[in-house]
Amino acid sequence: MRIQSNKTQKWQLARSISAEDKSFRANVSTVPAYELKTKAARGFRDIGVNFTKSDLDEYIDSVLSGRDYRFVITF
């Protein structure tokens with residue numbers, strides 16, 4: 001997933017994405033399966049990351065299978 005960012009804010013965005021990903025993965029077992037996409041989309045949207053449907057599906061698949069998901073920040 002590519003994320004457009006202001007050059008001066010890219011490190012803060014990267015830290016925010018990392019923190020949100022870590023938090024989501026740590027709490028995924030407490031979230032009902034039918035709410036995973038909504039919770040992920042909302043959490044990332046709050047920090048300025050808007051998933052496309054396919055990116056969201058890929059992200060959830062990576063979380064459930066324990067794989068890393070690659071976020072790419074461009075400016």
Side-chain angles (χ1 to χ4, degrees):
M1 171 178 202
R2 288 193 176 278
I3 304 161
Q4 187 70 31
S5 173
N6 179 314
K7 186 176 182 178
T8 60
Q9 296 175 336
K10 70 179 180 177
W11 298 116
Q12 179 57 41
L13 180 58
R15 285 188 290 273
S16 296
I17 289 170
S18 178
E20 182 62 32
D21 180 53
K22 187 179 288 185
S23 173
F24 183 78
R25 288 173 186 269
N27 295 307
V28 75
S29 64
T30 64
V31 178
Y34 63 89
E35 289 183 9
L36 286 175
K37 288 182 183 179
T38 302
K39 184 166 176 59
R42 186 178 306 128
F44 280 96
R45 188 175 337 138
D46 288 348
I47 60 171
V49 176
N50 295 302
F51 283 107
T52 64
K53 182 184 178 333
S54 62
D55 286 335
L56 181 58
D57 290 341
E58 289 176 22
Y59 177 71
I60 295 298
D61 287 343
S62 76
V63 170
L64 294 176
S65 66
R67 291 180 288 113
D68 287 338
Y69 183 80
R70 185 175 184 171
F71 292 92
V72 178
I73 300 172
T74 62
F75 51 88

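All residue numbers refer to positions in the sequence shown, counting from 1.
For residues 61-75, the set of pairs meeting the salt bridge (Lys or Arg N to Asp or Glu O under 4.0 Å) definition, not counting sequence neighbours, is empty. Here salt bridge (Lys or Arg N to Asp or Glu O under 4.0 Å) pairs that include residues 11-24, with residues two or more places apart or in two chains, are D21-R25.
Legend: residues meeting ring-ring contact (aromatic ring centres under 6.0 Å, His included) with F24, ordered by chain and number and at least two apart, are Y59. The side-chain hydrogen bond (donor to acceptor under 3.5 Å, both in side chains) search around R45 returns none, not counting sequence neighbours.
Residue F51 holds its CZ atom at 7.5 Å from CD1 of I60, rounded to the nearest 0.5 Å. Here the straight-line distance linking atom CD1 of I17 with atom NZ of K10 works out to 12.5 Å at 0.5 Å rounding. Taken from CG in D46 to OG in S16, the straight-line distance is 11.0 Å, to the nearest 0.5 Å.
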Atom pairs and distances, side-chain donor-acceptor, residues 26-39, under 3.5 Å, sequence neighbours left out:
{"from": "N27", "atom 1": "ND2", "to": "S23", "atom 2": "O", "distance (Å)": "2.9"}
{"from": "T30", "atom 1": "OG1", "to": "N27", "atom 2": "O", "distance (Å)": "2.7"}
{"from": "K37", "atom 1": "NZ", "to": "D57", "atom 2": "OD1", "distance (Å)": "2.6"}

